[in-house]
Each structure stands twice: as C-alpha cells, then as structure tokens.
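Numbered from 1 within each chain, the chains take letters A, B, ... in sequence-line order. When reading the values below, keep in mind they use all heavy atoms of this one structure, side chains included, and skip hydrogens, waters and symmetry mates.
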Amino acid sequence: MISSSYAGRGCDMRLALVGFGTVGQGVAEAVAMKKDLVFDRFGTELKIVAAFDSLTYAAEPRGLKPLELVARKQSGKGLGKTRPKSVAEMLRELDYDVLVEVTPTNIENAEPGYTNIRTALECCRDVVTSNKGPLALKYRTLDDLSKKNGVELRFEATVGGATPIINLSRELLMAEKVDSMKGILNGTCNFILSRMGEEGLPFEYVLKEAQEMGYAETDPTYDVDGIDSASKLAILANAIMGLDVTYHDVRRTGIRRITQEAVELAAREKKVIRLIGEVNGGGIEVSPRMVPLGHPLAISGTLNVLHMHTDLAGSITVVGRGAGRKETASAIMSDLVGLLKRNACLLNGRVK
Amino acid sequence: MRVNVDLRLKDVPGQLIRALEPISMNEGNIVGVVHNHDLVTGGRISVNVTFEHKDQKTLDAIFSAWRERGVEVVKMGEIFRTFAAEYLIAGDLPHSALRKITEGIESMEGVETIDLQYSLSTSTSNKTVLLLVNVRNKAKVNEIDEYLKTRSESDDFLLIRGTGV
C-alpha cells in the first residue's frame with residue numbers, strides 16, 4: 001500500500017521546507033544542484049512548494065525557485081509574506097508530500113520542531129529532519145505515530161552530518177544486531193581536544209580559536225558540556241539499538257574541566273583524550289575518555305566517527321564530516337532519495 | 001587459573017602426546033608448549049607447558065595422570081593474567097582525598113597493583129593524576145569504573161577513563 005501521492009515516474013515530490021537558516025539554505029541549494037540527478041534516476045521532479053523561516057514564508061504549488069529563495073533570505077528581506085498563523089497550522093492546510101524540518105534544535109522542550117513534525121505525521125506526510133530535539137526527547141511518540149499512519153520519519157542529518165550512520169545501520173545492516181556503539185559525535189569538541197593535544201594549548205584558548213573559526217558558537221555550552229553529543233547518542237540508541245531512551249537518560253560529562261596536565265599525562269601513555277559517547281549493556285554515557293593513539297576513535301579535527309559492534313559483522317567504523325551546511329544537506333538528500341527508493345520499490349522496480 | 005609447568009619426558013617418540021593428553025582429557029586448555037630438544041638430563045628432555053584449568057580437582061587429576069604415565073613435574077607456577085585500567089583524575093583534590101580513593105581501590109579483591117603519576121607542570125591550583133591499576137579480571141575493571149564514577153560525583157572531580165580492555 002502506497003500512502004504517498006508522489007510515487008512513480010512523472011510525479012512531483014513536493015517539499016515543505018521549514019527552517020531557512022544555514023541548514024535550510026543548504027537544503028535549497030542541494031535541491032537546485034541535485035534535481036536533475038533525481039529526475040534522471042527516478043523520473044520525479046523535486047520541488048520546494050513552501051518555505052518558512054521564523055517569521056516569513058513563501059508558497060507556490062508549481063514550485064519555488066530554490067536559489068532565488070536563498071538570495072532573498074541573504075539580502076535580509078525574508079522569504080516572502082509574513083506568516084499569518086503558526087507553521088503547524090499552515091502545515092495542516094498546505095498541499096505537500098514531505099516535510100523537511102530543519103529548525104534549530106531545542107533540547108528543553110523540542111519546539112517548534114516537535115509540533116511541526118507531529119503535525120505532518122498526523123496529516124500522513126513523510127518527514128525528513130535534521131532537528132535533534134524532537135528525536136532526543138520524544139523518539140517513541142514520533143516513531144509510533146509515523147508507523148500508525150504508514151509514513152516515514154527519516155533523520156540521517158541529526159547525527160554525524162554527512163557520515164551515513166543511521167541509514168547504514170537501519171538499511172544495509174538490517175540483519176545485524178548491534179550490541180554496542182562508541183563514537184565521537186561532536187566535531188567542535190573533537191577540534192578543541194585535538195588542538196589541546198597537538199599544540200599543548202589550554203582549553204579556554206582553543207575554545208576562543210574555535211569560536212573565531214566558526215566551529216564553536218558564542219555560547220559553547222551545547223557543544224562543550226556534551227549536550228549535543230548526548231542528544232545524538234540517545235537518537236542512535238533508539239534508532240539503531242531499539243532502546244527507549246531520551247536525552248535525559250544519558251550520563252553526561254563535558255570537556256570544560258580537561259586540563260593541559262591531563263592531556264600531557266595521557267600523551268605519556270601514548271593516548272589522546274576524546275569526548276566519547278558510548279552505549280552498551282552497561283548504560284548510555286557521554287564522557288571524556290583516553291583513547292590509544294592509532295585507535296579508530298583517535299581521530300583529529302572536526303571529524304565524527306562511530307564504531308559499532310554487531311553479532312554477525314563484528315566491528316564496523318564509519319568516519320566522516322559531522323556538521324556544516326553542505327554536510328547536513330547531503331544527509332537530507334540521502335533521506336529524500338531513500339523515500340523515492342521506497343516508492344520505487346513499492347511500484348515494483350520501475351526505476352531505471 | 002593459568003599454570004606453567006616444567007616437565008621431563010623420556011626421550012622416545014610419542015612422549016609429548018602422552019604428556020599433553022591428560023590436560024585435554026580433564027577439560028584443560030593448552031596455551032603454549034615449548035619443547036626443549038637440546039636440554040636432555042638423565043635421558044629425559046625438558047618440555048615447558050602453559051595451560052588453563054577449571055578448578056583444583058581437575059588440576060589434581062592432571063597431576064595424577066602424569067604420575068601414572070611416568071611424566072616428571074619439576075617446576076610449577078601459577079600465572080595470573082592481569083588487566084590494566086587507566087584513569088585520569090583532575091580537580092581540587094587534597095592528598096587525603098586521593099589517599100581515600102586509592103585505599104578504596106586497594107581494598108577490592110583482585111587488585112594487583114596501583115600506580116599514581118603526577119604531572120610535572122601545573123597550570124592551575126587543580127591537581128591532575130594518572131592512576132594505573134592492574135587487576136585479575138575484566139569484571140573488576142567495571143567495578144573500579146563504577147567506584148570512581150561515584151567518587152567523582154561525590155568529590156566533584158573530573159574522571160577520564162580509558163576506552164575499555
């Protein structure tokens with residue numbers, strides 16, 4: 001049974017893009033860049049039929065011009081008209097196939113992402129998101145709702161940016177039982193810890209450097225206190241290991257208190273310090289750990305890495321770029337293509 | 001338990017098998033065999049065997065089988081495999097607090113050695129210490145992990161563990 005109206009060649013895949021900051025603009029650019037490839041492969045026109053930022057919106061059933069939206073946004077004019085009601089209310093009225101929800105993560109109450117995603121799922125629309133809040137806090141509710149309504153909720157972009165972690169585990173490694181995972185899920189912390197180790201610089205200094213280079217926010221709490229890593233770990237534990245946890249279940253220690261002396265003592269033992277998220281039979285935790293030099297988890301710079309242990313395949317490690325406009329857009333595109341592949345399969349392989 | 005023995009066998013064919021059979025017959029696991037062909041004393045050659053056995057009963061059975069088969073045991077020693085666990089501790093810790101932490105670990109059964117290393121430089125008033133612990137089994141590492149996690153919360157120090165054994 002195909003619930004989607006966009007299944008099959010000659011159909012449009014109509015996107016409602018909610019959130020038009022860095023990630024939203026990256027998605028619009030990726031749609032412009034990849035629409036021909038998608039058409040060649042699936043015979044489907046990828047169209048943005050509605051786009052929202054925090055105050056304004058633009059809607060056009062025949063499709064908006066993605067690059068014009070980006071230019072308008074960057075000129076400071078907003079996307080079009082001022083929004084007359086809430087995004088959720090408009091999502092109930094608009095005609096679209098997939099909600100692409102890329103508003104910023106809110107780990108306090110998951111809003112506005114949670115209401116937007118829930119509304120789309122209630123309206124039997126597929127959802128693709130990069131927003132960690134709703135999944136780190138309400139994973140089961142949203143997962144149950146999507147299953148009940150026969151639609152998909154895809155969220156590759158929430159963890160590891162361009163690194164294919166969730167889709168790899170849920171699709172290619174479907175027959176595996178993942179019994180433990182360990183990884184570096186925050187590029188900012190990894191950049192800071194790498195610099196501390198390689199240059200012998202103190203935490204505060206490297207943090208400032210990271211802020212100047214645009215790797216860390218003005219308020220770095222979310223990254224350096226392990227909140228971002230803990231949210232991602234909770235999402236992975238639910239999505240890959242089938243657990244029922246939220247961000248609040250993750251035991252969390254950040255990297256603020258790591259001293260130069262700690263880095264130096266670890267180096268004496270041929271080890272580096274990294275902020276590691278780990279989930280196994282013993283619990284779920286984000287904390288700084290000592291990793292032997294040369295170990296797959298001893299990566300440097302802003303990279304992300306996930307090391308999984310499964311019953312059949314044994315150890316699998318995935319490394320890639322964790323955050324950024326293009327990287328997140330890449331993950332969103334992989335989810336959109338995933339939806340098209342599902343539709344193509346349901347239509348008995350009419351794909352070229 | 002892992003055991004290392006020096007055996008003396010008659011220098012005739014088939015003796016090595018006769019010496020190793022009792023180990024496998026009694027559910028032992030042979031880890032290594034060193035056959036010293038050139039070390040012949042009184043017509044016997046020396047073989048060094050390392051094996052794991054289940055309990056004292058099976059070890060006794062292996063020894064009695066060797067006696068019956070004319071295999072001489074000249075030396076035996078127990079070998080303990082140890083697991084190393086490393087921790088970095090950073091915080092405003094007086095010596096008394098550090099001593100309490102190490103005493104807590106020392107009092108645990110199966111802890112072989114504890115080594116404390118201090119950093120040579122200090123950028124803050126905080127102390128950073130590397131704690132190296134050797135234990136008899138893996139489960140003990142988890143026990144120390146939990147002990148230190150609890151202490152780090154109650155004494156407010158930063159704990160940095162290794163990534164596992």
Side-chain angles (χ1 to χ4, degrees), chain A residues 180-184 193 196-197 200-205 224-226 251-283 285-299 305 307 309 315 317, chain B residues 82-95 97-98 101-102 113-135 137-165:
Chain A
S180 69
M181 294 185 291
K182 238 183 238 178
I184 294 173
L193 294 172
M196 285 177 75
L201 297 166
F203 172 80
E204 292 299 338
Y205 184 94
V224 301
D225 290 343
R251 204 166 175 171
R252 174 171 60 85
T253 308
I255 63 166
R256 276 184 206 272
R257 296 174 75 185
I258 296 177
T259 56
Q260 280 169 275
E261 290 73 40
V263 172
E264 177 201 308
L265 282 169
R268 215 190 277 173
E269 293 295 302
K270 298 198 167 32
K271 298 215 161 68
V272 291
I273 299 176
R274 295 288 182 262
L275 186 68
I276 304 287
E278 181 172 17
V279 50
N280 55 29
E285 181 185 12
V286 167
S287 62
R289 306 279 288 271
M290 275 182 283
V291 182
L293 279 170
H295 187 280
L297 294 182
I299 52 164
V305 57
H307 183 75
H309 190 269
S315 290
T317 307
Chain B
T82 57
F83 297 88
E86 293 157 320
Y87 306 91
L88 276 165
I89 290 172
D92 188 11
L93 286 166
H95 276 293
L98 264 180
I101 292 168
T102 51
T113 58
I114 297 182
D115 182 29
L116 275 183
Q117 292 182 15
Y118 293 83
S119 163
L120 294 175
S121 55
T122 11
S123 62
T124 60
S125 60
N126 283 353
K127 233 185 237 87
T128 306
V129 180
L130 176 69
L131 179 65
L132 302 164
V133 188
N134 268 295
V135 293
N137 57 58
K138 268 190 190 179
K140 195 54 66 181
V141 176
N142 297 336
E143 200 182 311
I144 300 172
D145 278 1
E146 279 312 311
Y147 168 75
L148 285 173
K149 278 188 205 172
T150 313
R151 291 302 298 248
S152 77
E153 278 159 21
S154 62
D155 294 5
D156 191 33
F157 61 80
L158 172 71
L159 172 70
I160 302 176
R161 285 147 46 222
T163 36
V165 284

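Looking only at side-chain heavy atoms (C-beta outward), B:Lys127 and A:Thr259 stay at 4.5 Å or farther from each other. Within the 4.5 Å cutoff, no side-chain heavy atoms of A:Thr253 are placed close to those of B:Leu159. Within the 4.5 Å cutoff, no side-chain heavy atoms of A:Met290 are placed close to those of B:Thr163. Here the side chains of A:Glu269 and B:Leu130 are in contact, with some heavy-atom distance below 4.5 Å.
Taking both residues in full, the closest heavy atoms of B:Leu158 and A:Pro288 are given as CD1-CG, 4.1 Å, listed atom of the first, atom of the second, then distance. Closest approach of B:Leu88 and A:Ala266 over heavy atoms only: CD1-CB, 3.9 Å.
Interface summary for chain B: among A:His295, A:Lys271, A:Arg251, A:Arg256, the most heavy-atom pairs under 4.5 angstrom belong to A:Arg251.
Look at A:Arg257 and B:Asp156 and you find a salt bridge, because one of the NZ, NE, NH1 or NH2 atoms lies within 4.0 Å of a carboxylate O, short of that distance.
Atoms CD1 and CD1, from B:Ile160 and A:Ile258 in turn, are 4.5 Å apart once rounded to the nearest 0.5 Å.
Within the 3.5 Å criterion, the main-chain N or O of A:Arg289 finds no donor-acceptor partner in the side chain of B:Arg161.
Of residues 145-153 of chain B, those residues lying under 4.5 Å from chain A by any heavy-atom pair are B:Glu146, B:Lys149, B:Glu153.
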